[in-house]
Amino acid sequence: GIQVEQSPPDLILQEGANSTLRCNFSDSVNNLQWFHQNPWGQLINLFYIPSGTKQNGRLSATTVATERYSLLYISSSQTTDSGVYFCAVSQGAQKLVFGQGTRLTINP
Amino acid sequence: NAGVTQTPKFQVLKTGQSMTLQCAQDMNHEYMSWYRQDPGMGLRLIHYSVGAGITDQGEVPNGYNVSRSTTEDFPLRLLSAAPSQTSVYFCASSYGKPGNIQYFGAGTRLSVL
């Protein structure tokens, strides 16, 4: 089945810094989503982005489907951005496959 | 609009006990699924359903049972709990196919002693 790799596994930054999280996938996909799991465990959908670029406030995401990767950008990080970020992909009507996540820690 | 509601939030079981984790959604979503999350392993799919009366196995179905008698509810049953089932369980739903935007419940933290 399709493999999803996220990097880096851990990232520690100071408040105000910018960050880039990467998601590589092993085969073509027609669905890609980014999620944030906050320190209390809640999973929130950030972007549905099978291709192209989207922005939502300080967060933006870009998926280059032909090269099989997606990037999540966080600008001017805040402590509330801490948590684990997951990328998940699917092919056709197939089930979502999750990466193992990037743990982001933003220190004040 | 409550979204996806999971109960209970926490549960402790003894080995061999059975229990049901409840999941309900009020968004009229066709697709519902159960995941387990273990440290360092991301989320793994246990079972899923594409509509009432239809269920199928995911990546790690052994030891779990599901049913989908209504669009709203998708309970997960542990038949005979084992310590290996200690995990955090998430229910999710989406409109239409599984690749659409997924909405997650708050999770159930289960410990099996």
Side-chain angles (χ1 to χ4, degrees), chain A residues 1-10 21-51 54 56 59 61 63 65 70 83-104, chain B residues 2-6 8-11 23 25 27 29-51 54-61 66 74 87-111:
Chain A
I2 192 167
Q3 303 296 314
V4 181
E5 293 186 4
Q6 292 185 241
S7 59
D10 292 280
L21 284 59
R22 187 176 180 100
C23 171
N24 291 335
F25 39 95
S26 60
D27 203 349
S28 60
V29 300
N30 55 3
N31 292 294
L32 188 143
Q33 300 180 41
W34 283 97
F35 296 88
H36 175 223
Q37 186 171 37
N38 65 25
W40 296 271
Q42 180 68 49
L43 280 155
I44 303 295
N45 187 288
L46 297 174
F47 293 103
Y48 174 82
I49 185 166
S51 64
K54 289 185 177 180
N56 184 2
L59 275 63
T63 297
S70 182
V84 183
Y85 290 81
F86 289 101
C87 166
V89 303
S90 69
Q91 302 170 290
Q94 296 300 308
K95 305 166 286 292
L96 275 180
V97 177
F98 282 77
Q100 295 195 357
T102 292
R103 180 173 299 277
L104 177 65
Chain B
V4 180
T5 302
Q6 287 185 238
K9 287 186 168 51
F10 302 94
Q11 184 70 50
C23 176
Q25 52 91 10
M27 297 173 281
H29 285 169
E30 295 94 338
Y31 182 78
M32 296 185 74
S33 55
W34 277 101
Y35 293 87
R36 61 178 288 173
Q37 184 177 26
D38 301 297
M41 301 190 73
L43 280 82
R44 294 183 291 168
L45 183 65
I46 304 171
H47 284 286
Y48 66 98
S49 168
V50 298
I54 305 170
T55 63
D56 206 346
Q57 297 181 349
E59 183 185 357
V60 287
V66 292
F74 190 44
S87 187
V88 181
Y89 292 86
F90 289 97
C91 178
S93 73
S94 70
Y95 175 74
K97 59 186 180 182
N100 288 344
I101 295 175
Q102 296 287 311
Y103 296 87
F104 281 84
T108 295
R109 186 174 296 273
L110 176 68
S111 293

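Lettering follows sequence order; numbering is per chain, from 1. Bear in mind that the values here come from a model prediction, so they are computed numbers and not experimental data.
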Q: List the steps and the verdict of side-chain contact (heavy atoms from CB on, under 4.5 Å) for B/Val66 and B/Phe74.
A: CA-CA 7 Å; B/Val66 292; B/Phe74 190 44; 3.7 Å; yes
**Q.** From CA spacing to verdict: side-chain contact (heavy atoms from CB on, under 4.5 Å), B/Ser93, B/Met27
**A.** CA-CA 9 Å; B/Ser93 73; B/Met27 297 173 281; 3.5 Å; yes
Q: Let me see the working for B/Tyr95 and B/Glu30 under side-chain contact (heavy atoms from CB on, under 4.5 Å), right down to the final yes or no.
A: CA-CA 6 Å; B/Tyr95 175 74; B/Glu30 295 94 338; 3.4 Å; yes
Q: Begin with the C-alpha distance, continue with both residues' side-chain angles, and end with the deciding distance and a verdict on side-chain contact (heavy atoms from CB on, under 4.5 Å) for A/Tyr48 and B/Asn100.
A: CA-CA 8 Å; A/Tyr48 174 82; B/Asn100 288 344; 4.0 Å; yes
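Interface remark: B/Leu43 contributes backbone and side-chain atoms alike to the contact with chain A (heavy atom separation under 4.5 Å). For B/Tyr103, no part lies under 4.5 angstrom from a heavy atom of chain A.
The CZ atom of B/Phe90 sits 7.5 Å away from the CD atom of A/Gln42 when rounded to the nearest 0.5 Å. If you take OG on B/Ser111 and CZ on B/Arg109, they are separated by 8.0 Å, rounding to the nearest 0.5 Å. With values rounded to the nearest 0.5 angstrom, A/Phe86 atom CZ is found 9.0 Å from A/Thr102 atom OG1.
Residues of residues 21-36 of chain A placed with any heavy atom under 4.5 Å of a heavy atom in chain B are listed by number as A/Asn31, A/Gln33, A/Phe35. Of residues 54-61 of chain B, not one residue has a non-hydrogen atom less than 4.5 Å from any non-hydrogen atom of chain A.
The salt bridge (Lys or Arg N to Asp or Glu O under 4.0 Å) pairs that include a residue from residues 40-50 of chain B are B/Asp38-B/Arg44, where partners are two or more places apart or lie in different chains.
Checked by atom type and distance alone, the side chain of A/Ser90 never pairs as donor or acceptor with a backbone atom of A/Lys95 at under 3.5 Å.
By the side chain to side chain donor-acceptor pair (under 3.5 Å) test, A/Gln6 pairs with no residue at all, sequence neighbours left out.
In this structure, B/Tyr35 and B/Phe104 have tilted ring planes: the angle between them lies in the 30° to 60° band.
By number of non-hydrogen pairs under 4.5 angstrom with chain B, the leading residue of A/Leu43, A/Val89, A/Ile44 is A/Leu43.
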